[in-house]
Trainee: 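Input: one structure, supplied below.
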Amino acid sequence: MKCSLLCVAIAGVVLSPLPVSAQDVSPRSPVDLDELVVFGERRAAEPLAGNARSTLSGDELARRRQGGLGETLAGLPGVHLDNFGGGASRPVIRGQTVPRIEILSDGANLFDASSVSPDHAITTDPLLLDAIEVIRGPAAVIYGGNAMNGAVNLIDGRVPKALPRNGLGGGAELRLGSGDRSRAGVARVTAGAGQFAVHAELARQHAQDYDIPGGRLQDSFAEGTTSSLGASWITGRGYIGAAHTRQEGEYGLPGHSHLNGVCHPHGIDLHCEAHGGYEDPFGSSDDHTARIRLRSERTDVRADIDDPLPGFEHLRLRLSSTDYAHDEIDGPALFNRYTNEVEDGRIELTHAPLFGFTGLLGVQYTDGKFSGLNVNNLHVPFGENGYGLVPPYFHLTRNIGVFLSERRSFGVLDIDAAIRKDWREVRVPAPAFRHTLTPAYQELFEGWYGPDWEQVIEDEVVESFVTRNPGSRQSPVSASVGANWHLDGGYSLALALGRTQRAPSVRELYAYGNNLATNSYEVGLARSRSASPSFPESRTDVLETTRSVDLTLRGGGDALEFEVGLFHQDIDDYVFARLIETDDATGVPHNYLLYTAADARFSGIDGQVSLRLDDAHVLTLFGDYVRADLTGEADRVPRIPPGRLGLRHAWSSGPFTLDAEYYRTASQDRIASYETRTAGYDMLNATFAYRFALTPRQSSEVYVRATNLLDETAYAHTSFVKDQSPLRGRSMTLGIRYRF
């Protein structure tokens, strides 16, 4: 936890020079250099003792990296993926993905459009990450209600935190893949002079359509470039630094069809045929490629400072400014553009021990401007003799959060508690008004409305828009408490209780139109009466409230290590998309979905047990299972991952390592009304690596990773487009890493 120049100036802190001994970093292997677990620092925002967590770092992260975050993390206990071809994949933790999990960048929220639709990529490049930590359970309360099911913290090195030994350090990696004819490369370097360090990094990857059993998945290609430049002032009491990161990418949308762009509702009926004023906004064949082209620019200011003020041991500052945009392109047509401009600031102060308690208090402020929702016709010219509001439609969000986390030990018992209060406001200002009325129509309107006819009809249109898009003010409160008993023999038993509140996302509130990526027409909570007077009352006051219990048993010794977690959640006003009806007039089934609040229950188990057979061999049994039910509803929660059980064997001898894992994903028969059963599948993966030293400060590694060796046809039940986007077939990746 450390601060910025502005923060230091305000606090009046003078940083002392870094001692020579602190600058000297002894030579370490690539594995050691890769490992960084921020939550391991007690002064940082630690997870509650009663929650399960996993960390990917070092060799394991380097070899498991895929183009998307979901693919990279899939296989960890309790973590599945929601995939959309090779370009977009989101992690699913204990049955839920964004917006019910939070994606963090070194403890700061990551802002993009991934929570709005599954075809939107998470803006991170796993090739540039040092570590990824997954927290499962209510531990992430201090990050707000969107972290009700956990958090994924992405640890990177774009802002240097330490001076490199001898003034220079870095590395490079090259990868070639067979299943998608992919090529990827990454280079990173950190240079230091005096108390200053500069870091630069660049990653580039290009992948064609990937193989599936029997062929290739059309439009599953993906490519992208990420670059970052950062610098820090580093002293004996901390660092202050900033970095600017730019990401560009383009990827295909497998199975995408615009045929249902004509779909529209008549009250509770969905009609997928053109008539009257309801026309197909595309009016062309559906035999070309649909793709997303994205750009994201983000500036981060990070600081961690020891002893910033009397009574406080540490200060952490995280500031970010994000400018995100992506274009949705269907053949020659640019039919939508999403943007997200967000300013975010977070300060955490760790206080000195007080009455035996250690902990932190903090505040976070977020100001966002989002657009792109409910638009599929950006390419259609404004009609002659028409009038109305034209996109973009902006959703303005302002959020203030304050939080407190405390910990105390009572002998063999550790107690944790955390609480966060938010004040969130969402506004939907009326967009620009336009008309293309000819003089004849203008004369007619003047006769109807008088000389101020333009202002009159604009006021009417704006008033209607504001009425149909009411603002939302909510004040969610989340809290959790955990207890960890240290038992004899290296065992521990942890219990965590949580009560978290989540405000619905912008899509859940304001959706009103076709989502062609998911083949659905969606109506949000605030727009229900816009669709039909027979639908429930429009609401902006829904707060999804979760009461959770997590029980985790851990053990560690010379030969046996394990961590197994049980969890149960009772959720009031769980927001889900209820099926109204399905229309298949176009030949592509289209679901009419109404966002609804109902009560739900989630229960499950996840974990792993590792047995060291000798110095060379380790066996690990891992698995997870989630059961979800809607109470009082004649339906089930959609896209719940099936159970999974697997075995992993790791062998090492000198410079050689060999990992092999097999797991069985069961079929999913507990399905929502608009889902179909998903068959189970077997997955076999293996990695062979050889490491060799070049000099005392340089090392390299060559590895080969094979995935889906059985070439199984596999579908992820968690995916909105599981049938159009099966998982990758047999594939091999050859990589070489170099560190200095």
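Throughout, numbering of the chain's residues begins at 1 and tracks the sequence.
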Trainee: If you apply the rule side chain to side chain contact (heavy atoms under 4.5 Å, CB included), what do you find for T540 with L525, and how did you get there?
Mentor: CA-CA 7 Å; T540 62; L525 292 161; over 6 Å; no
Trainee: Report yes or no: do S478 and Q501 form a side-chain donor-acceptor pair below 3.5 Å?
Mentor: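 No, Q501 and S478 have no side-chain donor paired with an acceptor closer than 3.5 Å.
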Trainee: Hey, are the side chains of L76 and L56 touching, using non-hydrogen atoms and a 4.5 Å cut-off?
Mentor: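 Yes, side chains in contact.
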Trainee: Testing the 3.5 Å rule here: is there a donor-acceptor pair between the side chains of D414 and H486?
Mentor: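 Side chains of D414 and H486: pair found under 3.5 Å.
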Trainee: For R547, run the side chain to side chain donor-acceptor pair (under 3.5 Å) check against T500, D572, D570 and tell me which one passes.
Mentor: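 For R547, the side chain to side chain donor-acceptor pair (under 3.5 Å) check succeeds only for D572.
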Trainee: Do H568 and F602 have ring centroids that are under 6.0 Å from one another?
Mentor: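 Here the rings of H568 and F602 have centres that are no less than 6.0 Å from each other.
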Trainee: Looking at residues at least two apart in the chain, or sitting in another chain, which of them share a salt bridge (charged side-chain N to carboxylate O under 4.0 Å, His left out) with R64?
Mentor: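 Result, salt bridge (charged side-chain N to carboxylate O under 4.0 Å, His left out) vs R64: E661.
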Trainee: L154 pairs by side-chain contact (heavy atoms from CB on, under 4.5 Å) with which of L69, D106, L104?
Mentor: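 Considering L69, D106, L104, a side-chain contact (heavy atoms from CB on, under 4.5 Å) with L154 is found only for L69.
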Trainee: Taking salt bridge (charged side-chain N to carboxylate O under 4.0 Å, His left out) as the test, write out the residues that go with R601, two or more places apart.
Mentor: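 With neighbours one apart ignored, the set is empty.
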Trainee: Do N399 and E425 have a side chain donor and acceptor closer than 3.5 Å?
Mentor: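 There is no such pair between these side chains.
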Trainee: Does either side chain, that of N153 or that of E102, offer a donor lying less than 3.5 Å from an acceptor on the other one?
Mentor: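 No, no side-chain donor-acceptor pair sits under 3.5 Å.
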Trainee: Taking S105 for the side chain and A108 for the main chain, is one N or O donor matched with an acceptor at less than 3.5 Å?
Mentor: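 Judged by distance alone, no pair lies under 3.5 Å.
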Trainee: With rounding to the nearest 0.5 angstrom, report the CZ to CG distance, R100 to N146.
Mentor: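 So the gap between those two atoms works out to 9.5 Å.
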Trainee: Going by the rule ring pair (Phe, Tyr, Trp, His ring centres under 6.0 Å), which residues pair with Y324 if we only count those two or more places apart in sequence or in a different chain?
Mentor: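 Ring pair (Phe, Tyr, Trp, His ring centres under 6.0 Å) list for Y324, sorted by chain: H326.
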Trainee: Looking at D344 and R298, does any basic side-chain N land under 4.0 Å from a carboxylate oxygen?
Mentor: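 The answer is no: the pair does not qualify as a salt bridge.
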Trainee: Between R346 and E348, is there a salt bridge with N-O shorter than 4.0 Å?
Mentor: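 Result for this pair is yes, salt bridge flagged.
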Trainee: What pairs with F720 under side chain to side chain contact (heavy atoms under 4.5 Å, CB included), at least two apart in sequence or on another chain?
Mentor: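 F720: side chain to side chain contact (heavy atoms under 4.5 Å, CB included) contacts with D82, R90, P118, T518, R639.
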Trainee: Is there a side-chain contact between H120 and S115, using heavy atoms and a 4.5 Å cut-off?
Mentor: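 Side chain of H120 against side chain of S115, heavy atoms only: no contact under 4.5 Å found.
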Trainee: Decide yes or no on side chain to side chain donor-acceptor pair (under 3.5 Å) for R318 and Q364, but give the supporting numbers first.
Mentor: CA-CA 9 Å; R318 296 292 185 266; Q364 182 175 1; over 6 Å; no
Trainee: Give a yes-or-no answer on whether the side chains of S534 and S532 include a donor-acceptor pair shorter than 3.5 Å.
Mentor: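 A pair is found: one side chain offers a donor N or O, the other an acceptor, under 3.5 Å apart.
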Trainee: I would like to know whether F394 and V428 meet side chain to side chain contact (heavy atoms under 4.5 Å, CB included); could you show each step before the answer?
Mentor: CA-CA 6 Å; F394 290 109; V428 192; over 6 Å; no
Trainee: Does V466 have any side chain to side chain contact (heavy atoms under 4.5 Å, CB included) partners at least two apart in sequence or in another chain, and if so, which?
Mentor: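 Expected list: V462.
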Trainee: Listed by chain and number, what are the side chain to side chain donor-acceptor pair (under 3.5 Å) partners of R627, not counting sequence neighbours?
Mentor: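 Partners of R627 by the side chain to side chain donor-acceptor pair (under 3.5 Å) criterion, ordered by chain and then number, come out as D629.
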Trainee: Any chance you could lay out the side chain to side chain contact (heavy atoms under 4.5 Å, CB included) test for V116 and F370, step after step, and finish with the verdict?
Mentor: CA-CA 11 Å; V116 178; F370 175 83; 3.5 Å; yes
Trainee: With the side chain counted from C-beta on, respond yes when R468 and R527 share a heavy-atom pair under 4.5 Å apart, and no when they do not.
Mentor: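 Yes, their side chains come closer than 4.5 Å.
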Trainee: Rounded to the nearest 0.5 Å, how far does CG of D422 lie from CZ of F403?
Mentor: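 That separation rounds to 9.5 Å.
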Trainee: If you define the side chain from C-beta out and look only at heavy atoms, does anything of I122 sit under 4.5 Å from I103?
Mentor: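 Of all side-chain heavy-atom pairs linking I103 with I122, at least one is under 4.5 Å.
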Trainee: Please identify each residue that fulfils ring pair (Phe, Tyr, Trp, His ring centres under 6.0 Å) with F111, with sequence neighbours left out.
Mentor: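 If we apply the ring pair (Phe, Tyr, Trp, His ring centres under 6.0 Å) test to F111, skipping adjacent residues, there are no hits.
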Trainee: If you round to the nearest 0.5 Å, how far is OH of Y510 from CG of N469?
Mentor: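 Separation between the atoms: 7.0 Å.
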Trainee: For the pair E675 and R636, find out whether any cationic side-chain nitrogen is under 4.0 Å from an anionic carboxylate oxygen.
Mentor: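 A salt bridge is absent here (no side-chain N lies under 4.0 Å from a carboxylate O).
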Trainee: Who pairs with D112 by salt bridge (charged side-chain N to carboxylate O under 4.0 Å, His left out), at least two apart in sequence or on another chain?
Mentor: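 Residues passing salt bridge (charged side-chain N to carboxylate O under 4.0 Å, His left out) with D112: none at all.
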Trainee: How close do T322 and S296 get, heavy atom to heavy atom, and via which atoms?
Mentor: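 Closest approach of T322 to S296: CG2-OG, 4.4 Å.
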Trainee: Could you check whether any side-chain heavy atom of Y512 comes within less than 4.5 Å of a side-chain heavy atom of S530, counting everything from C-beta outward?
Mentor: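 Yes, their side chains come closer than 4.5 Å.
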Trainee: Would you list the pairs meeting salt bridge (charged side-chain N to carboxylate O under 4.0 Å, His left out) in which at least one residue belongs to residues 359-372, sequence neighbours left out?
Mentor: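 Non-adjacent pairs meeting salt bridge (charged side-chain N to carboxylate O under 4.0 Å, His left out): D367-R398.
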Trainee: Donor-acceptor pairs are to be reported for all side-chain atoms of residues 593-600 against protein atoms at under 3.5 Å, with residues two or more places apart or in another chain.
Mentor:
unit_1	atom_1	unit_2	atom_2	d
Y595	OH	E522	OE1	3.2
T596	OG1	L594	O	3.0
D599	OD1	D573	N	3.3

Trainee: For the pair R94 and D550, find out whether any cationic side-chain nitrogen is under 4.0 Å from an anionic carboxylate oxygen.
Mentor: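 Yes, charged N to carboxylate O under 4.0 Å.
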Trainee: Quick one: does E313's side chain get under 4.5 Å of P353's, heavy atoms only?
Mentor: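 Of all side-chain heavy-atom pairs linking P353 with E313, at least one is under 4.5 Å.
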Trainee: Hey, does T552 have a side-chain heavy atom less than 4.5 Å from the side chain of R554?
Mentor: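 Yes - at least one pair of side-chain heavy atoms lies under 4.5 Å apart.
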Trainee: Indicate yes or no: at least one non-hydrogen side-chain atom of T366 is less than 4.5 angstrom from one of V342.
Mentor: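 Counting from C-beta outward, T366 and V342 do come under 4.5 Å.
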Trainee: Is the side chain of S719 donor-acceptor paired with the backbone N or O of N83 at a distance under 3.5 Å, no angle test?
Mentor: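 It does hold such a pair.
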Trainee: Is it true that D635 and R578 make a salt bridge, defined as a side-chain N closer than 4.0 Å to a carboxylate O?
Mentor: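 The answer is no: the pair does not qualify as a salt bridge.
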Trainee: So which heavy atom on A121 is nearest to which on S114, and how close?
Mentor: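 In this case the closest contact between A121 and S114 is O-CB, 3.8 Å.
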Trainee: Checking side chain to side chain donor-acceptor pair (under 3.5 Å) against H80, which of T97, T665, D624 comes through?
Mentor: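 Looking at T97, T665, D624, the match for H80 under the side chain to side chain donor-acceptor pair (under 3.5 Å) is D624.
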Trainee: Are R407 and D416 ion-paired here, with the side-chain N under 4.0 Å from a carboxylate O?
Mentor: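 Salt bridge: yes.
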Trainee: Looking at residues at least two apart in the chain, or sitting in another chain, which of them share a side chain to side chain contact (heavy atoms under 4.5 Å, CB included) with T620?
Mentor: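 If we apply the side chain to side chain contact (heavy atoms under 4.5 Å, CB included) test to T620, skipping adjacent residues, the hits are Q608, S610, V618, R648.
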Trainee: Would you say OH of Y491 has more than 12 non-hydrogen atoms from neighbouring residues, nucleotides or ligands within 6.0 angstrom?
Mentor: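 Check fails, neighbour count at 12 or below.
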Trainee: Test of understanding: with side chain to side chain contact (heavy atoms under 4.5 Å, CB included), list the residues that count as partners of L404, not counting sequence neighbours.
Mentor: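 For L404, the residues satisfying side chain to side chain contact (heavy atoms under 4.5 Å, CB included) (neighbours in sequence not counted) are L361, E406, I419.
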